[in-house]
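Before any comments, here is the structure.
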Amino acid sequence: MSVIADRLSAISESPTLKVGQNADRMRRAGIDVIDLGAGEPDFNTPGHVKAAAVAAIEGNFTRYTAAAGVLELREAVCAQYRGAYGIELTTGEVAMAAGGKQALFNAALALYNPGDEVITHAPYWPTIVEQIKMTGATPVIARTGADDGFAVHAGPIVERITPRTKAIIINSPGNPTGALIAEDELGRIADAAAARGIWVIVDLCYEQLIYDTVGHNLPKVLFDRMRDRTILCGSASKTYAMTGWRCGWTIGPREVIAACNTILSHATSNIASITQKAAIAALTGPQHGVAEMLAEYRVRRDSVHEWLTANPAIRCVKPRGAFYLFPDLSELLSPAMPTTGALADALLEQSHVALTPGEAFDAPGYVRISYATSMENLREASTRLLTFADRIRAGAAAAR
Ligand SMILES: Cc1ncc(COP(=O)(O)O)c(C=O)c1O
């Protein structure tokens, strides 16, 4: 009999966190590693948010709160979604969670039974799929392609619906591709789902990191068609540079939010009371910092994209959201270095640049580059990556 429960037998450790750990290990050994693996803003949490947290501590706001979060915070989430998307929510339709990760997990625990199928799209953020598996449900994957920027289309998702389908998870802007789903494509998915009583869950973690001026009112698309089967998962992590504070939220029908509340009440209780005060300040305070961070990410995205694609062996669509580039490096692979996992190891070892191999996202041949780091780091890391690529190509040419 194995020590660890069966439900974990097919679950892997987060590969994105592992890249950071390897880079850290080398850094501690005194090596100058540039980490492009991190999925988190390099900006500091805004001053007014930190001040609210300090005031919470000084004011002894340090006790248990309602498991789903204090009313004022849930009201702030409702106001945020009313302002951004024109949807009306009540606080009973919102439960806070320790980040978007737990917001998604609570929804998964609340909804999926063993044997259910849950459809999502690849390349995907691995947590989405591992969470499905942890509930005993089965992930069903619809692939997207680089030829149209990894756009999520309704067709391949709707085709995968079976009588066992319980839910469809859409991540837009998506990690690792930065792709967006078009409102009409989501509308077609929603129509198909609504007709069959299937849930649609949208991971909106990067909702405020969108570079194109395209309609992305996914909450309204779903609320107009199937409010009673819609779950929205959001997070303060990326929008407000608050990854360490652990603040996210699940929005859904009262019955599901009540189930999330039950899960929270037995698993973690409330998220930190201090984080809650900080999040109220983030959601209700000045928002110009969000636009400033987005403007900076845009310059970085454009620069790194231009630098890297100057090498014809590196093909890369320009992402429309989030803070990742997802280039195709398959031309650099060979029998001696057959995967981007092997390539990432060699790049770390030889050039001291950490990035995340595409296999982690079910996308062999690709790598994820986070540009949530300084321009100086990005310039130097790009130079190292280009030199590494030239060396590999020169080696391959010499062997021919
Ligand atoms: C697609 C996606 N969803 C959700 C999250 C959750 O982030 P957090 O738990 O920090 O809010 C992440 C974090 O990397 C993500 O990439």
Side-chain angles (χ1 to χ4, degrees), residues 13-20 35-43 45 49 69 73 77 80 94-108 118 120-132 134 139 141 144 150 152 168-181 201-210 216 218 231-251 260 264 267-268 271-272 275-276 278-279 282-283 290 297 319-326 355-356 358 360-363 368-373:
E13 188 196 348
S14 164
T16 47
L17 296 182
K18 215 156 107 197
V19 175
D35 186 3
L36 305 183
E40 64 177 338
D42 56 315
F43 299 106
T45 302
V49 176
L73 177 52
V77 173
Q80 165 94 4
V94 180
M96 303 310 296
K101 215 172 231 187
Q102 197 193 16
L104 285 159
F105 195 44
N106 287 345
V118 180
T120 193
H121 46 96
Y124 50 67
W125 180 50
T127 292
I128 290 179
V129 166
E130 300 302 280
Q131 287 188 349
I132 296 168
M134 271 197 271
I141 306 302
T144 62
F150 299 101
V152 180
I168 296 167
I169 306 180
I170 304 292
N171 172 216
S172 177
N175 175 5
T177 62
L180 306 180
I181 189 168
I201 299 170
V202 183
D203 176 357
L204 286 167
C205 174
Y206 297 93
E207 64 190 304
Q208 298 205 42
L209 299 181
I210 297 179
H216 194 254
L218 310 186
I231 306 283
L232 307 173
C233 293
S235 165
S237 292
K238 322 282 174 167
T239 305
Y240 300 110
M242 289 180 69
T243 47
W245 298 77
R246 310 312 300 136
C247 178
W249 45 84
T250 313
I251 295 172
C260 291
L264 284 161
T268 53
I271 64 168
T275 291
Q276 294 190 51
L283 288 164
V290 179
Y297 286 137
R320 305 173 77 190
F323 43 56
Y324 309 105
L325 288 169
F326 201 58
L355 42 71
T356 314
F361 310 101
D362 199 2
R368 190 188 76 173
I369 292 177
S370 164
Y371 49 89
T373 186

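Indexing begins at 1, ligand by ligand and atom by atom, following the structure's order. Count residues from 1 along the sequence.
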Mind listing the N or O contacts between ligand 1 and protein, cut-off under 3.5 Å?
unit_1: ligand 1; atom_1: 3 (N); unit_2: Asp203; atom_2: OD1; d: 3.3
unit_1: ligand 1; atom_1: 3 (N); unit_2: Asp203; atom_2: OD2; d: 2.5
unit_1: ligand 1; atom_1: 9 (O); unit_2: Gly100; atom_2: N; d: 3.1
unit_1: ligand 1; atom_1: 9 (O); unit_2: Lys101; atom_2: N; d: 3.0
unit_1: ligand 1; atom_1: 9 (O); unit_2: Arg246; atom_2: NH2; d: 2.7
unit_1: ligand 1; atom_1: 10 (O); unit_2: Ser237; atom_2: OG; d: 2.8
unit_1: ligand 1; atom_1: 10 (O); unit_2: Arg246; atom_2: NH1; d: 2.8
unit_1: ligand 1; atom_1: 11 (O); unit_2: Gly100; atom_2: N; d: 2.6
unit_1: ligand 1; atom_1: 11 (O); unit_2: Ser235; atom_2: OG; d: 2.6
unit_1: ligand 1; atom_1: 11 (O); unit_2: Ser237; atom_2: OG; d: 2.9
unit_1: ligand 1; atom_1: 14 (O); unit_2: Lys238; atom_2: NZ; d: 2.7
unit_1: ligand 1; atom_1: 16 (O); unit_2: Asn175; atom_2: ND2; d: 2.7
unit_1: ligand 1; atom_1: 16 (O); unit_2: Tyr206; atom_2: OH; d: 2.8

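Every residue two or more places apart in sequence or in another chain was checked for a ring-ring contact (aromatic ring centres under 6.0 Å, His included) with Tyr371, and none qualifies. For Arg320, the side chain to side chain donor-acceptor pair (under 3.5 Å) partners at least two apart in sequence or on another chain are Asp212. Residues passing the ring-ring contact (aromatic ring centres under 6.0 Å, His included) test with Tyr240, sequence neighbours excluded: none.
Heavy atoms only, all atoms of each residue included: Thr45 and Ala241 are closest at OG1-O, 2.7 Å.
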Using the side-chain hydrogen bond (donor to acceptor under 3.5 Å, both in side chains) rule, take Thr239 and Gln208 through it: C-alpha gap first, then chi angles, then the decisive distance, then the call. CA-CA 6 Å; Thr239 305; Gln208 298 205 42; 4.5 Å; no
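Separation of the Phe361 and Tyr324 ring centroids does not fall under the 6.0 Å cut-off.
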